[in-house]
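Have a look at the structure below before the remarks.
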Amino acid sequence: ARADWSGNAEALLKGQVSPQFLNAEKYVSDIKSKFGSRFSIDCSGHSQAGGACAYAASQVPDIHAVTINPTSSNSLATNNAYLIDNYVVPGEAAQVGRQSFERGLTGWSYKIEAPSSKGPLVTSNANSTAQVANPSGNDPIARHSGERAIDAIGKESGLRPLELEE
(Lines give C-alpha, C1' and ligand atoms only; values in the text may rest on other atoms or scores of the structure.)
Protein backbone atom coordinates (compact mmCIF):
# COMPACT_ATOMS: atom_id res chain seq x y z
CA ALA A 1 0.00 0.00 0.00
CA ARG A 2 2.87 2.38 0.79
CA ALA A 3 4.34 1.77 -2.69
CA ASP A 4 0.93 2.57 -4.23
CA TRP A 5 0.81 5.92 -2.42
CA SER A 6 4.37 6.84 -3.32
CA GLY A 7 3.88 5.73 -6.95
CA ASN A 8 0.74 7.83 -7.26
CA ALA A 9 2.45 10.83 -5.65
CA GLU A 10 5.46 10.46 -7.97
CA ALA A 11 3.16 10.37 -11.04
CA LEU A 12 1.34 13.49 -9.80
CA LEU A 13 4.61 15.35 -9.27
CA LYS A 14 5.79 14.46 -12.78
CA GLY A 15 2.44 15.38 -14.36
CA GLN A 16 1.85 11.75 -15.37
CA VAL A 17 -0.91 9.23 -14.88
CA SER A 18 -0.25 6.45 -12.38
CA PRO A 19 0.32 3.03 -14.02
CA GLN A 20 -2.46 1.66 -11.77
CA PHE A 21 -4.88 4.21 -13.23
CA LEU A 22 -3.91 3.14 -16.76
CA ASN A 23 -4.42 -0.51 -15.79
CA ALA A 24 -7.87 0.33 -14.43
CA GLU A 25 -8.79 2.09 -17.67
CA LYS A 26 -7.74 -0.96 -19.72
CA TYR A 27 -9.61 -3.34 -17.42
CA VAL A 28 -12.83 -1.28 -17.48
CA SER A 29 -12.54 -0.88 -21.26
CA ASP A 30 -12.11 -4.65 -21.67
CA ILE A 31 -15.12 -5.35 -19.43
CA LYS A 32 -17.21 -2.84 -21.38
CA SER A 33 -16.16 -4.40 -24.70
CA LYS A 34 -17.09 -7.86 -23.47
CA PHE A 35 -20.32 -7.10 -21.56
CA GLY A 36 -21.32 -3.51 -22.33
CA SER A 37 -23.89 -4.41 -24.97
CA ARG A 38 -25.86 -6.48 -22.41
CA PHE A 39 -25.16 -4.71 -19.10
CA SER A 40 -24.51 -1.26 -17.71
CA ILE A 41 -21.01 -1.12 -16.27
CA ASP A 42 -20.20 0.54 -12.94
CA CYS A 43 -16.94 0.68 -11.07
CA SER A 44 -16.25 1.60 -7.48
CA GLY A 45 -13.25 2.03 -5.26
CA HIS A 46 -11.76 3.55 -2.14
CA SER A 47 -8.56 5.59 -2.01
CA GLN A 48 -6.17 4.58 -4.81
CA ALA A 49 -8.81 2.26 -6.30
CA GLY A 50 -11.31 5.13 -6.17
CA GLY A 51 -8.92 7.38 -8.07
CA ALA A 52 -8.28 4.62 -10.60
CA CYS A 53 -12.01 4.02 -10.99
CA ALA A 54 -12.72 7.74 -11.54
CA TYR A 55 -9.89 7.89 -14.07
CA ALA A 56 -11.26 4.88 -15.97
CA ALA A 57 -14.78 6.35 -15.98
CA SER A 58 -13.43 9.65 -17.27
CA GLN A 59 -11.72 7.87 -20.17
CA VAL A 60 -14.21 5.13 -21.10
CA PRO A 61 -17.66 6.41 -22.17
CA ASP A 62 -20.82 5.42 -20.29
CA ILE A 63 -19.12 4.04 -17.17
CA HIS A 64 -20.61 5.08 -13.81
CA ALA A 65 -18.02 5.48 -11.04
CA VAL A 66 -18.64 5.60 -7.29
CA THR A 67 -15.59 6.53 -5.24
CA ILE A 68 -14.90 6.91 -1.53
CA ASN A 69 -12.06 9.19 -0.42
CA PRO A 70 -10.36 8.85 -3.82
CA THR A 71 -6.86 9.90 -4.72
CA SER A 72 -6.62 12.13 -7.79
CA SER A 73 -4.95 12.13 -11.18
CA ASN A 74 -3.51 14.77 -13.44
CA SER A 75 -5.62 13.89 -16.46
CA LEU A 76 -9.37 13.44 -16.03
CA ALA A 77 -11.48 14.09 -19.10
CA THR A 78 -14.50 16.12 -18.06
CA ASN A 79 -16.98 15.00 -20.73
CA ASN A 80 -17.96 12.01 -18.55
CA ALA A 81 -17.80 13.89 -15.23
CA TYR A 82 -21.55 13.64 -14.66
CA LEU A 83 -21.12 9.87 -14.26
CA ILE A 84 -18.59 10.14 -11.40
CA ASP A 85 -19.85 10.27 -7.77
CA ASN A 86 -17.19 11.01 -5.13
CA TYR A 87 -17.96 10.51 -1.41
CA VAL A 88 -15.38 12.32 0.72
CA VAL A 89 -14.70 12.90 4.40
CA PRO A 90 -13.16 16.39 4.83
CA GLY A 91 -9.72 16.32 6.43
CA GLU A 92 -8.97 12.71 5.50
CA ALA A 93 -5.60 11.68 4.05
CA ALA A 94 -6.47 11.61 0.32
CA GLN A 95 -8.08 15.05 0.54
CA VAL A 96 -5.00 16.41 2.29
CA GLY A 97 -2.89 14.91 -0.52
CA ARG A 98 -5.11 16.38 -3.25
CA GLN A 99 -4.85 19.80 -1.62
CA SER A 100 -1.05 19.47 -1.29
CA PHE A 101 -0.76 18.73 -5.02
CA GLU A 102 -3.48 21.28 -5.86
CA ARG A 103 -5.65 18.60 -7.48
CA GLY A 104 -9.41 18.52 -7.25
CA LEU A 105 -11.96 15.86 -8.04
CA THR A 106 -13.83 15.45 -11.29
CA GLY A 107 -17.52 14.70 -11.02
CA TRP A 108 -20.04 15.14 -8.23
CA SER A 109 -18.74 15.40 -4.65
CA TYR A 110 -20.72 14.37 -1.60
CA LYS A 111 -19.15 15.45 1.67
CA ILE A 112 -19.58 13.27 4.76
CA GLU A 113 -19.05 15.36 7.91
CA ALA A 114 -19.62 15.09 11.65
CA PRO A 115 -22.66 17.06 12.86
CA SER A 116 -22.30 19.69 15.58
CA SER A 117 -24.72 17.67 17.69
CA LYS A 118 -26.13 14.18 17.47
CA GLY A 119 -29.14 13.90 15.25
CA PRO A 120 -30.47 12.26 12.11
CA LEU A 121 -28.35 12.02 9.00
CA VAL A 122 -28.96 14.85 6.58
CA THR A 123 -28.18 14.79 2.87
CA SER A 124 -29.21 16.89 -0.08
CA ASN A 125 -28.23 16.49 -3.73
CA ALA A 126 -24.84 16.55 -5.46
CA ASN A 127 -22.06 18.61 -3.90
CA SER A 128 -23.92 18.22 -0.62
CA THR A 129 -23.19 17.20 2.92
CA ALA A 130 -24.15 13.96 4.68
CA GLN A 131 -23.72 14.04 8.45
CA VAL A 132 -22.41 11.09 10.42
CA ALA A 133 -21.97 10.63 14.13
CA ASN A 134 -18.17 10.33 14.32
CA PRO A 135 -15.81 10.17 11.33
CA SER A 136 -12.74 9.51 13.52
CA GLY A 137 -11.99 12.93 14.99
CA ASN A 138 -9.22 14.97 13.39
CA ASP A 139 -6.80 12.17 12.44
CA PRO A 140 -6.47 12.29 8.59
CA ILE A 141 -5.43 8.64 8.39
CA ALA A 142 -8.32 7.40 10.57
CA ARG A 143 -10.76 9.67 8.68
CA HIS A 144 -9.64 7.97 5.43
CA SER A 145 -11.39 4.73 6.45
CA GLY A 146 -13.63 3.46 3.68
CA GLU A 147 -15.61 1.33 6.13
CA ARG A 148 -16.82 4.35 8.11
CA ALA A 149 -17.78 6.21 4.94
CA ILE A 150 -19.64 3.19 3.56
CA ASP A 151 -21.51 2.77 6.86
CA ALA A 152 -22.56 6.44 6.75
CA ILE A 153 -23.72 6.21 3.14
CA GLY A 154 -25.64 3.00 3.89
CA LYS A 155 -27.30 4.53 6.93
CA GLU A 156 -28.27 7.62 4.95
CA SER A 157 -29.82 5.55 2.18
CA GLY A 158 -31.67 3.23 4.59
CA LEU A 159 -29.65 0.12 3.72
CA ARG A 160 -29.04 -2.59 6.29
CA PRO A 161 -26.10 -4.99 6.37
CA LEU A 162 -26.78 -8.26 4.60
CA GLU A 163 -27.41 -11.00 7.15
CA LEU A 164 -27.08 -14.58 6.02
CA GLU A 165 -29.15 -17.32 7.56
CA GLU A 166 -27.27 -20.26 8.98
Side-chain angles (χ1 to χ4, degrees), residues 1-89 92-112 123 125-128 130 140-141 143-164:
R2 188 178 303 255
D4 293 343
W5 279 91
S6 63
N8 194 41
E10 182 178 343
L12 280 171
L13 287 171
K14 292 180 177 179
Q16 301 170 344
V17 177
S18 164
Q20 293 160 332
F21 285 26
L22 296 172
N23 288 340
E25 176 189 5
K26 182 178 181 338
Y27 181 76
V28 168
S29 182
D30 290 349
I31 293 293
K32 183 178 179 193
S33 294
K34 188 170 184 176
F35 300 107
S37 65
R38 296 182 293 153
F39 302 99
S40 63
I41 309 296
D42 292 16
C43 67
S44 62
H46 167 256
S47 192
Q48 178 83 3
C53 173
Y55 179 79
S58 77
Q59 302 297 314
V60 181
D62 302 319
I63 301 296
H64 176 229
V66 177
T67 74
I68 298 172
N69 297 334
T71 59
S72 189
S73 174
N74 286 309
S75 305
L76 290 185
T78 57
N79 55 332
N80 297 329
Y82 70 98
L83 291 170
I84 302 172
D85 295 316
N86 300 290
Y87 292 87
V88 296
V89 175
E92 57 82 31
Q95 181 194 34
V96 171
R98 286 190 305 274
Q99 289 173 337
S100 298
F101 291 112
E102 298 181 355
R103 301 287 183 254
L105 294 174
T106 300
W108 299 103
S109 289
Y110 303 90
K111 294 183 180 115
I112 304 170
T123 300
N125 292 324
N127 297 315
S128 68
I141 301 299
R143 292 177 69 85
H144 188 66
S145 167
E147 181 179 352
R148 291 181 191 269
I150 290 170
D151 288 347
I153 294 163
K155 186 174 180 184
E156 169 61 25
S157 61
L159 298 175
R160 294 189 336 242
L162 177 63
E163 296 179 12
L164 302 176

For Ile63 and Leu83 the tightest heavy-atom approach is O-CB, 3.4 Å
Rounded to the nearest 0.5 Å, the CG atom of Asn86 sits from the CG atom of Leu105 at a distance of 4.5 Å
Separation between CG (Asn69) and CD (Gln48), nearest 0.5 Å, reads 13.5 Å
To the nearest 0.5 Å, atom CD1 of Ile68 lies from atom CG of Asp85 at 11.0 Å
In short, Ala81 meets Thr106 closest at the heavy-atom pair CB-CG2, 3.6 Å
Margin query: Within the structure provided, determine whether Lys32 and Pro61 are in side-chain contact (heavy-atom separation under 4.5 Å).
Written below: yes
When every non-hydrogen atom of Val88 is compared with those of Pro70, the smallest separation belongs to CG1-CD, 3.9 Å
Asp42 meets the side-chain contact (heavy atoms from CB on, under 4.5 Å) criterion, sequence neighbours left out, with Ser40, His64
Residues passing the side chain to side chain donor-acceptor pair (under 3.5 Å) test with Lys26, sequence neighbours excluded, are Asp30
Note: Cys43 and Val28 closest approach over all heavy atoms is CB-CG2, 4.5 Å
Glu25 and Val60 have their tightest heavy-atom pair at O-CG2, 3.9 Å
Anything under 30° is parallel, anything over 60° is perpendicular, the rest tilted; go ahead and classify Tyr87 against Tyr110. parallel
In terms of heavy-atom contacts, Ala54 and Thr67 come closest through CB-CG2, 4.1 Å
